[in-house]
Asker: 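Below is the structure I would like to discuss, written out as C-alpha cells.
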Amino acid sequence: MEIFKNHPDTHHICIINTKNIPVGVVERQKFLSLMSSPFSYALYHKRPVTLLMDDSPLMVEARTPILDFTKQVLSNKISDINKSFIITHNQQYIGTATPFDLMRMSYVHSNRISDTLQTRTRTLHETLNKIQTATHSINTESRNLKDESETLSERNITQNQHLLESDLRIKSTIQKTEDQNIKMEQSRNYVQHASRSIRESCEKINDTIEKFKKISEASDDIGKILNIMKSISSQINILA
C-alpha cells in the first residue's frame, strides 16, 4: 500500500523469489479495490503478499520481437489484454510493462519502420531521379553519338567513293603509263633499228666514197693514158 501511495504512476508490482524469478504480479486497481472493502486491512495487513497477487501473469522473454509478442497478446482472451506482463531474461526478472506500453512501443516501432521506409523511399526516389537524369543524359549522348556516327558514316562513304575514284584514276594512269612504256619501248626499238640502218647506210656511203676515190684515181690514170695516146696519135699524124 505504501509503494502504491508513494508512487502514483506505478500500476503493478512484480513479486519475485530469492532467485530473482518472477512468481506473480499485484495490479494497482485490483489491489486498491480489494483493500477498500470493509475489514480488508485487518484481514490482510500481516499476511504474505502472495495472497493478493496474480500467480499466472503473462511473461515474455526479452529477446522476443515486439510485433511477435503483440500478436500473442492479441490472440489471448480479452481479459488478458488488461493484465500487466513480466519481461524476463533466462527466467530472471528484468522489468514489467502494460499492454498500453506494448501498444505504445508497437506504435513507436511502427513509426520507426515508417520513418525508415519513408527515408528509404525518399532515397529511392532520389536514386530514381538520379537514374532518370543519368538515363536522359545517356539518351542525349546516345543521340549525339548516333548523329556523329551517321555523319562519320557519310564521311566514310564519301571518302570511300573518293578513294575508289582515286584508285580508278591511279589504275588508269598506270595503264596509260604502261601503254606509254610500251610505246617508248617500241620507239626505242625503232630508234635502235634506225640507228643500225643509219650506221649501215653510213658504211655504204663510206664504201661508195672510197669507190669514187678509186674511180677518181683510175680516171686520173686514164687521163694520163689518153694524153699519152694523144701524143702518140699526134706523132703518128706527123709521121703520116
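Just so it is clear, the values below take in all heavy atoms, side chains as well, and ignore hydrogens, waters and symmetry mates. Keep in mind the model is a prediction, meaning the values are calculated, not measured.
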Asker: Does the Thr123 side chain pair with the main chain of Thr119, one donor and one acceptor, at a distance under 3.5 Å?
Answerer: yes

Asker: Would you say that Phe4 contacts Val26 through its side chain, given a criterion of any heavy-atom pair below 4.5 Å between the two side chains?
Answerer: yes

Asker: Would you call Ile15 and Val49 a side-chain contact if the rule is heavy atoms closer than 4.5 Å?
Answerer: yes

Asker: Cluster question for you: counting only ILVMFWY and a side-chain heavy-atom cut-off of under 4.5 Å, with indirect links fine, are Val60 and Ile94 together?
Answerer: yes

Asker: Does any non-hydrogen side-chain atom of Glu148 lie less than 4.5 Å from one of Thr151?
Answerer: no

Asker: Would you find more than 12 non-hydrogen atoms of other residues, nucleotides or ligands less than 6.0 Å from Ile21 atom CD1?
Answerer: yes

Asker: Provide the closest heavy-atom pair for His12 versus Val25 in the form atom of the first, atom of the second, distance.
Answerer: CB-CG1, 3.8 Å

Asker: State plainly whether the residues Lys171 and Asp167 are in salt-bridge range, i.e. N to O under 4.0 Å.
Answerer: yes

Asker: Between His136 (side chain only) and Gln132 (backbone N and O only), is there a donor and an acceptor less than 3.5 Å apart?
Answerer: no

Asker: How many angstroms lie between CG in Asn111 and CD in Gln118, if you round to the nearest 0.5 Å?
Answerer: 9.0 Å

Asker: Using atom types as modelled and distance alone, determine if a side-chain donor or acceptor of Ser40 lies under 3.5 Å from a backbone N or O of Leu34.
Answerer: yes

Asker: Is His11 close to Glu27 at the side-chain level, that is, under 4.5 Å between some pair of heavy atoms?
Answerer: no

Asker: Are the side chains of Phe85 and Pro57 in touch, meaning some heavy atoms are under 4.5 Å apart?
Answerer: no

Asker: Distance check, rounded to the nearest 0.5 Å: Leu52 atom CG versus Met1 atom CE?
Answerer: 9.5 Å

Asker: Does any part of the side chain of Thr64, heavy atoms only, come nearer than 4.5 Å to the side chain of Glu61, both counted from C-beta?
Answerer: yes

Asker: Atom CG of Asp179 and atom CD1 of Ile174: how far apart are they, to the nearest 0.5 Å?
Answerer: 12.0 Å

Asker: Are any non-hydrogen side-chain atoms of Leu58 and Ile86 less than 4.5 angstrom apart?
Answerer: no

Asker: More than 12 heavy atoms of other residues, nucleotides or ligands under 6.0 Å from CE of Met184: yes or no?
Answerer: no

Asker: First locate atom CD1 of Ile87, then atom CZ of Phe69, and finally report the distance between them rounded to the nearest 0.5 Å.
Answerer: 8.0 Å

Asker: Measure from the side-chain N and O atoms of Asn90 to the backbone N and O of Gln92, and report whether any donor-acceptor pair falls under 3.5 Å.
Answerer: no

Asker: Could you check if a side-chain atom of Ser149 sits within less than 4.5 angstrom of a side-chain atom of Leu145, using non-hydrogen atoms only?
Answerer: yes

Asker: Just verifying a value: how many Å separate Tyr44 OH and Phe39 CZ, rounded to the nearest 0.5 Å?
Answerer: 13.5 Å

Asker: Could you walk me through whether Ser153 and Ile157 pass side-chain contact (heavy atoms from CB on, under 4.5 Å), step by step?
Answerer: CA-CA 6 Å; Ser153 178; Ile157 292 171; 4.1 Å; yes

Asker: Heavy-atom count around Met59 CE within 6.0 Å, excluding the residue itself: above 12?
Answerer: yes

Asker: Measuring from atom OG of Ser166 to atom CD of Gln159, what distance do you get when rounded to the nearest 0.5 angstrom?
Answerer: 11.0 Å

Asker: For Arg120, I'd like to know if atom CZ has over 12 heavy atoms of other residues, nucleotides or ligands within 6.0 Å.
Answerer: no

Asker: Give a yes-or-no answer on whether the side chains of Arg155 and Thr158 include a donor-acceptor pair shorter than 3.5 Å.
Answerer: no

Asker: Is the closest basic N to carboxylate O distance between Arg188 and Glu185 below 4.0 Å?
Answerer: yes

Asker: Please check if Ile3 and Phe31 belong to a single hydrophobic cluster, counting links between Ile, Leu, Val, Met, Phe, Trp and Tyr side chain heavy atoms closer than 4.5 Å.
Answerer: yes

Asker: Do other residues, nucleotides or ligands put more than 12 heavy atoms under 6.0 Å from Gln91 CD?
Answerer: no

Asker: So which heavy atom on Met53 is nearest to which on Thr50, and how close?
Answerer: CG-O, 3.4 Å

Asker: Quick one: closest heavy-atom pair of Thr10 and Ile13, and the distance?
Answerer: CG2-CG1, 4.1 Å

Asker: Counting only N and O atoms by type, is there a donor-acceptor contact under 3.5 Å from the side chain of Ser36 to the main-chain atoms of Leu32?
Answerer: yes

